[in-house]
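One structure is given below, encoded as structure tokens.
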Amino acid sequence: MDTQVLDCSAAGIAKAAEIVRAGGLVAFPTETVYGLGANALSAQAVARIFEAKGRPRFDPIIVHVAGPKEAEPLWAEVPPLARALMARFWPGPLTLVLPKSGLIPEIVTAGLPTVAVRMPDHPMALALIREAGCPIAAPSANRFGRPSPTHHDHVLDYLAGRIEAVLACGPTPVGIESTVVSLVETPPRVLRPGGTPLEALREVVGELRVDPPRVSQGAAPAPGTLPRHYVPQIPLFLLEPGPPEGREKLPRRRCGILAFRGEWHDFGRVEVLSQSGDLREAAANFFAALHELDRAGLSAIVAEPVPEEGLGVAIMDRLRRAASGRARLDDEFVWIVR
Ligand code: TXA
Ligand code: MG
């Protein structure tokens with residue numbers, strides 16, 4: 001199949017909407033990352049998302065709507081807290097999980113009794129949903145387990161030939177996926193930290209349950225929170241302090257550094273997320289920097305931790321799950337600790 005590259009224009013939206021209505025797949029920008037969209041009310045269309053992504057059927061998909069009014073019929077019940085969260089954070093990177101209504105096919109939710117819904121804060125995404133005339137089911141538009149796409153070029157790298165079209169709208173502004181919150185439990189539980197900071201959520205929710213970062217392998221407590229995810233093609237190691245020692249060492253020149261800020265020397269490639277130490281800027285640059293390092297012909301990536309506040313919580317969540325171990329540095333070498 002030839003993947004059409006559609007202009008970021010009214011004509012592009014019209015064509016994309018036509019494809020969605022006909023049961024096809026269109027990748028489109030949201031404020032977080034590009035989504036791989038299909039008509040959420042069509043089980044057949046959604047089945048094609050799983051095929052194109054190579055996504056296991058047990059991992060449920062977020063449904064994208066144009067506003068709270070469109071969200072409500074998709075849920076069996078809408079508690080006051082959901083209304084308050086929608087009023088405060090929509091449109092924006094917050095996904096709410098509640099018991100589903102009968103409108104949503106089982107395949108969207110991987111058989112779960114709940115459905116995750118969000119209203120993206122991107123004019124092209126909203127125009128597409130409105131013009132298609134249906135809610136749009138969309139996971140991130142990467143191959144399963146790989147880093148998310150924050151530019152249409154990333155989408156084409158992953159999915160050219162597997163989907164009908166991509167709306168080519170350049171980089172996405174937030175750069176990290178939505179925060180996913182389950183309102184099925186009391187207090188509400190954060191299933192995935194993301195573009196809406198936990199500090200902001202707490203202002204509305206009060207108490208919030210957040211599971212500690214998971215590093216070990218094993219069964220996920222909730223679908224999609226798999227410990228290994230966002231994995232680049234070359235190994236990524238989280239930088240830790242400590243004397244240079246380890247089971248193996250690589251010359252710095254063979255490695256790339258994914259740095260939060262600062263000056264770095266002797267690495268094969270340096271990507272600095274935010275020279276001024278701004279976590280929003282760091283999130284916006286995060287996946288593009290990871291893609292660059294992954295494609296630079298290096299042996300490994302060393303990632304510097306970022307402060308775990310604001311969007312830094314979401315960045316560290318992605319880094320921990322991308323990492324296959326830890327590394328220490330001396331002037332010449334990267335030491336792989338484990
Ligand atoms: O920002 C985003 O959320 C992007 C853009 C495209 O909207 N989408 C995205 O989708 O990141 P995906 O499929 O890559 O991640 C969705 C996450 C997964 O961890 C999935 O398991 C979880 O949401 N999820 C979806 N439905 C759920 C449900 N009913 N219960 C629990 N978790 C759910
Ligand atoms: Mg994803």
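Both counts, for ligands and for their atoms, begin at 1 and track the order of listing.
A heavy-atom distance below 4.5 Å is not found between the side chains of Arg146 and His154.
Of the N or O atoms in Thr32, one or more lie within a sub-3.5 Å distance of an N or O in ligand 1. At a 3.5 angstrom cut-off on N or O pairs, Lys53 does not count as close to ligand 1. Polar contact with ligand 1: present for Arg55 (N/O pair, distance under 3.5 Å). Below 3.5 Å of separation, one finds an N or O of Asp59 facing an N or O of ligand 1. Taking only nitrogen or oxygen atoms, main chain and side chain alike, Ser178 reaches within less than 3.5 Å of ligand 1.
Across the listed options Ser140, Ala141, Ser148, Ser140 owns the non-hydrogen atom lying nearest to atom 12 (P) of ligand 1.
Listed by atom number, the atoms of ligand 1 under 4.0 Å from Gly35 heavy atoms are 6 (C). Near His64, meaning under 4.0 Å from one of its heavy atoms, ligand 1 places the atoms 5 (C), 6 (C), 7 (O). The Leu191 neighbourhood of ligand 1 comprises atoms 31 (C), 32 (N), with distances under 4.0 Å to a heavy atom of that residue. Ligand 1 places these atoms under 4.0 Å from at least one heavy atom of Leu112: 28 (C), 29 (N), 30 (N). Close approach of ligand 1 to Val97 (heavy-atom distance below 4.0 Å) involves ligand atoms 30 (N). Atoms of ligand 1 found under 4.0 Å from any heavy atom of Arg192, numbered from 1 in the order shown, are 2 (C), 3 (O), 9 (C), 11 (O), 15 (O), 16 (C), 17 (C). Taking every heavy atom of Ala116 and a limit of under 4.0 angstrom, the matching atoms of ligand 1 come to 25 (C), 26 (N), 27 (C), 29 (N).
No part of Lys100 comes within 4.0 Å of ligand 1, judged by heavy-atom distances. Heavy atoms of Thr114 found under 4.0 angstrom from ligand 1 belong to the backbone as well as the side chain.
Using a 4.0 angstrom heavy-atom cutoff, Glu31 does not count as in contact with ligand 1. For the pair Arg118 and ligand 1, a heavy-atom separation below 4.0 Å is found. In this structure, Thr109 falls outside the shell of residues with a heavy atom less than 4.0 angstrom from ligand 1.
Between the side chains of Arg209 and Ser182, no donor-acceptor pair of N or O atoms lies under 3.5 Å. If you check the side chains of Thr196 and Arg118, you find no donor sitting under 3.5 Å from an acceptor. For the 3.5 Å distance criterion, the side chains of Asn142 and Ser140 qualify, holding a donor opposite an acceptor. Counting only N and O atoms by type, the side chains of Arg143 and Tyr158 include no donor and acceptor under 3.5 Å apart. The closest side-chain donor-acceptor pair between Ser178 and Thr95 falls under 3.5 angstrom.
Salt bridge Glu177/Arg318: present, at least one basic N to carboxylate O contact under 4.0 Å.
By the criterion of side-chain heavy atoms lying less than 4.5 angstrom apart, applied directly or through intervening Ile, Leu, Val, Met, Phe, Trp or Tyr residues, Leu238 is not grouped with Leu250; the two fall into different hydrophobic clusters. Linking ILVMFWY residues whenever their side-chain heavy atoms come closer than 4.5 Å, directly or via other members, places Met119 and Tyr34 in the same cluster. Two different hydrophobic clusters hold Leu273 and Ile257 under the rule that ILVMFWY side chains link at heavy-atom gaps under 4.5 Å.
In terms of the ring-ring contact (aromatic ring centres under 6.0 Å, His included) criterion, Phe237 has no residue partners (sequence neighbours excluded).
For residue Ser140, an N/O/S atom approaches the Mg ion (ligand 2) to within less than 2.8 Å.
Geometrically, Arg57 engages Phe50 in a cation-pi contact defined by less than 6.0 Å to the ring centre and at most 45° from the axis.
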